[in-house]
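Data first, discussion second: the structure below is written as structure tokens.
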Amino acid sequence: MSLGSVLFAAGHGTRLRPLTERLPKAAVPLLDVPLGAFGLAALLRRSAPVGVNLAHHAELVRAALEPWARGGGVEFFEEAPEPFGTAGTLAALRDRLAPTVLTWNADVICTVDL
């Protein structure tokens with residue numbers, strides 16, 4: 001199955017410190033919803049299946065986002081021990097990506113209609 005989109009959720013969240021010292025940015029709550037869930041929902045509506053990369057506090061990101069991975073269509077994968085970066089993640093997944101792929105950073109909230 002080709003991935004139609006990728007949610008980047010592996011970063012260290014340095015710009016959100018001190019919030020992200022113990023909680024990864026994709027799991028930081030906004031109105032009781034993890035930041036990464038907003039992007040995940042948008043990608044699931046438009047370009048499933050979605051690959052979600054994990055590295056920094058991977059288990060916490062997975063736990064925060066799994067409830068929002070409605071009915072499947074989401075594959076979590078770990079980049080250990082450090083995140084690959086945007087280009088590195090896409091390069092690592094190149095054999096699994098659909099011809100057109102949407103990407104979204106887990107700390108982005110916007111109203112763009114994909």
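Predicted model, so just to flag it, every value in this text is computed and none were measured.
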If I compare all heavy atoms of Pro24 with all of His56, which pair ends up nearest, and what's the gap?
CB-O, 3.9 Å
Going by side-chain heavy atoms closer than 4.5 Å, which hydrophobic residues are tied to Phe84, directly or by a chain of links?
none
Within a strict 4.5 Å, meaning less than it, do heavy atoms of the Leu3 and Val101 side chains meet?
no
For Phe76, check side chain to side chain contact (heavy atoms under 4.5 Å, CB included) against everything at least two apart and list the hits.
Val52, Leu54, Arg62, Leu65, Glu66, Val74
Val61, Leu43: one ILVMFWY side-chain cluster at the under-4.5 Å cut-off?
yes
For Leu102, is there any backbone N or O sitting under 3.5 Å from a side-chain donor or acceptor partner on Ser47?
no
Who pairs with His57 by ring-ring contact (aromatic ring centres under 6.0 Å, His included), at least two apart in sequence or on another chain?
none
For Ala48, which residues count as a side chain to side chain contact (heavy atoms under 4.5 Å, CB included) partner, sequence neighbours excluded?
Leu44
Contacts satisfying salt bridge (Lys or Arg N to Asp or Glu O under 4.0 Å) that involve residues 19-29 (not counting sequence neighbours) are Lys25-Asp107
Of the non-hydrogen atoms in Leu23 and Pro29, which two are nearest, and what is the gap between them?
CD2-CD, 3.9 Å
Is there a continuous path of hydrophobic side-chain contacts, each under 4.5 Å between heavy atoms, that joins Ile109 to Phe8?
no
The remaining residues in the hydrophobic cluster of Leu60, counting side-chain heavy-atom contacts under 4.5 Å among Ile, Leu, Val, Met, Phe, Trp and Tyr, are none
State plainly whether one hydrophobic cluster holds both Leu40 and Leu93, where clusters connect Ile, Leu, Val, Met, Phe, Trp and Tyr through side-chain heavy atoms under 4.5 angstrom apart.
no
Would you check if Phe77 and Thr89 make a side-chain contact, meaning some heavy-atom pair closer than 4.5 Å?
yes
Does a sphere of radius 6.0 Å around CZ in Arg17 hold more than 12 heavy atoms from other residues, nucleotides or ligands, not counting ones at 6.0 Å or beyond?
yes
Hydrophobic clustering (ILVMFWY, side-chain heavy atoms < 4.5 Å, transitive) - are Leu97 and Val50 grouped together?
no
What's the shortest heavy-atom distance between Pro67 and Ala64, and which atoms?
CD-O, 3.6 Å
Closest heavy-atom pair and its distance - Ala98, Gly4
CB-CA, 4.3 Å
Quick one: closest heavy-atom pair of Ala37 and Trp68, and the distance?
CB-CG, 3.6 Å
